[in-house]
Q: 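This is the structure I have questions about; it appears just below.
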Amino acid sequence: MTGSRLPRSPLDALRPAAFGADPAGERMARIRRSPHFADGVFVNPAGAARPSSRSMLAFLPTYFRKEERVRRAPAHAVPVHPTTVADLAVPAASGLRLTWMGHSSVLAEIDGGRVLFDPVWSERCSPFALAGPRRLHPVPVPLAETGPLDAVVISHDHYDHLDMPTVRALARTGAAFVVPLGVGAHLEHWGVPADRITELDWHESTRIGELTFTATPARHFCGRALRNTQHTLWASWVVAGPEHRIFHSGDTGYFAGFADIGAEFGPFDATMVQIGAYSEFWPDIHMTPEEGVRAHSDLQCGAPEAGVLLPIHWGTFNLAPHPWEEPAEGTVAAARRSGARVAVPRPGQPFEPVNGLPLEPWWRAAAVPPEGGWAPLAEAATGEAEVVLQA
């Protein structure tokens, strides 16, 4: 789907390339025909309040308070797994292998296909090289060593999910890009050929090889430039192969639609669910660990043990006021209470869910210990792969 650019103005020359491009032409016409576009903007499946200027002003004192700021980053080096290109070159024996690269970037090897979700390999998630949230750990695997890709899937156009330098590098690989409506304008602006871009509205699907990709609803928002027009869609994703099904949440607040997605496409062999960068100041657009585990259960049709939960959107960038390790601690605790099977691998650590779940609390060695020490994490309920967490 291509769209002609709007006429350039003198201000266009001052616009950073990382801001991307606004949808125009036939692309914009298709956006206007979407049933999820109303009054000039995309709308959420359930009402969601974006962070307001007032809420952000209330947030800033919390963000800069010294005693809390120190806990929002690791105190020691994050133990990145030493994955090699040879490790990733060996096919997954079970047909499903996941490698969390940090934040929301996941390499999924499913039924012979290789899919990279929300790849961000830059040092900062920002339009500027010298400002913005910086990585808290190195990239586990060089982008060139992730191996050949069948598809790159983007959930939405925020900087911590859609990274211009990474896209430009992947544009040279021949991989297809599967993205929500409107996001293709950014990709074309950065050099991805139009015939390698598929843009989907919610509930639309496309097929690449043996894999079917379906855009499913999420509760979030979009925007990269100073003027946020809400003309690009945000989505969660279902990827189904002949033998396996997986789900990637992108960024989203909790909403009843997870149960609908589970009823239509679930249960899943694995769900990759956002459980970090939450705050009381933006409760509708990101999930807490407890909400993430609840979403996983909904996606598994009320049987949380049916598949593996891989928590994402934490550990790599400091984007919220909560302690750095809290998303992992909270997810493991909530999963234990619900009976969910949870995997918390180190960044870059490949695992096949059928072979057991990585659940060593590696984050504790890197984090600032909480006052009073770590709470006991006893034996976790992880289905067949029960793991004793060591403090």
Q: Is Arg114 salt-bridged to Glu109, going by a charged N under 4.0 Å from an acidic O?
A: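 Between Glu109 and Arg114 there is a salt bridge, with a charged N closer than 4.0 Å to a carboxylate O.
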Q: Without swapping roles, check the side chain of Thr252 against the backbone of Arg219 for a donor-acceptor pair under 3.5 Å.
A: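 Yes, Thr252 side chain to Arg219 backbone: donor-acceptor pair under 3.5 Å.
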Q: With no hydrogens and no angle check, do the side chains of Ser104 and His313 hold a donor and an acceptor under 3.5 Å apart?
A: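 Ser104 vs His313: no donor-acceptor pair found between side chains.
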Q: If you count heavy atoms of other groups shown closer than 6.0 angstrom to CZ of Arg294, is the number above 12?
A: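 No, because the 6.0 Å sphere around CZ of Arg294 holds 12 heavy atoms or fewer from other groups.
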Q: Tell me whether Glu199 is salt-bridged to Arg27, with the criterion being a basic N under 4.0 Å from an acidic carboxylate O.
A: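 Answer for the salt bridge query: yes.
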Q: Determine, using the 4.5 Å side-chain heavy-atom cutoff (strictly less than), whether Trp282 and Val43 are members of one ILVMFWY cluster.
A: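 Trp282 and Val43: separate clusters.
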Q: Between Thr316 and His137, does any side-chain donor sit less than 3.5 Å from a side-chain acceptor?
A: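 A pair is found: one side chain offers a donor N or O, the other an acceptor, under 3.5 Å apart.
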Q: Is a side-chain N or O of Thr214 found less than 3.5 angstrom from the main chain of His203, in a donor-acceptor match?
A: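 No, Thr214 side chain to His203 backbone: no donor-acceptor pair under 3.5 Å.
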Q: Is it true that the side chains of Glu290 and Tyr278 contain a donor and an acceptor less than 3.5 Å apart?
A: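 The answer is no; no qualifying pair exists.
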Q: With sequence neighbours left out, write down each residue that passes ring pair (Phe, Tyr, Trp, His ring centres under 6.0 Å) with Phe255, or none if nothing qualifies.
A: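 Partners of Phe255 by the ring pair (Phe, Tyr, Trp, His ring centres under 6.0 Å) criterion, ordered by chain and then number, come out as Phe258.
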Q: Tell me the closest heavy-atom pair linking Pro16 and Phe128, and the distance in Å.
A: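 The answer is CG-CE2, 4.1 Å.
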Q: For the side chain to side chain contact (heavy atoms under 4.5 Å, CB included) test, which of His158, His286, His103, Arg72 pairs with Leu319?
A: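 One option only clears the test, and that one is His103.
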Q: Between His36 and Phe42, does the ring centroid distance fall short of 6.0 Å?
A: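 Distance test on ring centres: not under 6.0 Å, no.
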Q: For Asp298 and Ala259, which heavy atoms make the closest approach, and how far apart are they?
A: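 Of all heavy-atom pairs spanning Asp298 and Ala259, the closest is CB-N, 3.7 Å.
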Q: Output yes when Glu188 and Arg196 qualify as a salt bridge under the 4.0 Å nitrogen-oxygen rule, no when they do not.
A: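 Salt bridge absent between Glu188 and Arg196.
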Q: For the ring pair Trp363 and Trp374, is the centre-to-centre distance below 6.0 Å?
A: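 No, the ring centres sit 6.0 Å or more apart.
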Q: According to the interplanar angle, ranging from 0 to 90°, do the rings of His220 and His156 count as parallel (below 30°), tilted (30 to 60°) or perpendicular (above 60°)?
A: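 Rings of His220 and His156: perpendicular, as their planes differ by over 60°.
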Q: Do NZ/NE/NH1/NH2 and the carboxylate oxygens of Glu204 and Arg30 come within less than 4.0 Å?
A: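 A salt bridge links Glu204 with Arg30.
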Q: Tell me if the centroids of the rings in His186 and Phe19 come within less than 6.0 Å of each other.
A: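 No, the ring centres sit 6.0 Å or more apart.
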Q: Would a hydrophobic clustering, with Ile, Leu, Val, Met, Phe, Trp and Tyr connected at side-chain separations under 4.5 Å, put Leu143 with Val80?
A: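 Result: no, two separate clusters.
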Q: Testing the basics here: between Leu357 and Ala343, what is the closest heavy-atom pair and its distance to 0.1 Å?
A: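 Minimum heavy-atom contact is CB-CB, 4.2 Å.
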Q: Rounded at 0.5 Å granularity, tell me how far CG in Leu96 sits from CD in Glu352.
A: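 Answer rounded to 0.5 Å: 7.5 Å.
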Q: From Arg97 CZ over to Thr99 OG1, what is the distance, rounded to the nearest 0.5 angstrom?
A: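 Between atom CZ of Arg97 and atom OG1 of Thr99 there are 6.5 Å.
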Q: Would a distance-only check, ignoring hydrogens and angles, find a side-chain to backbone donor-acceptor pair under 3.5 Å from Trp362 to Val344?
A: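 Pair found, side chain donor or acceptor close to backbone of Val344.
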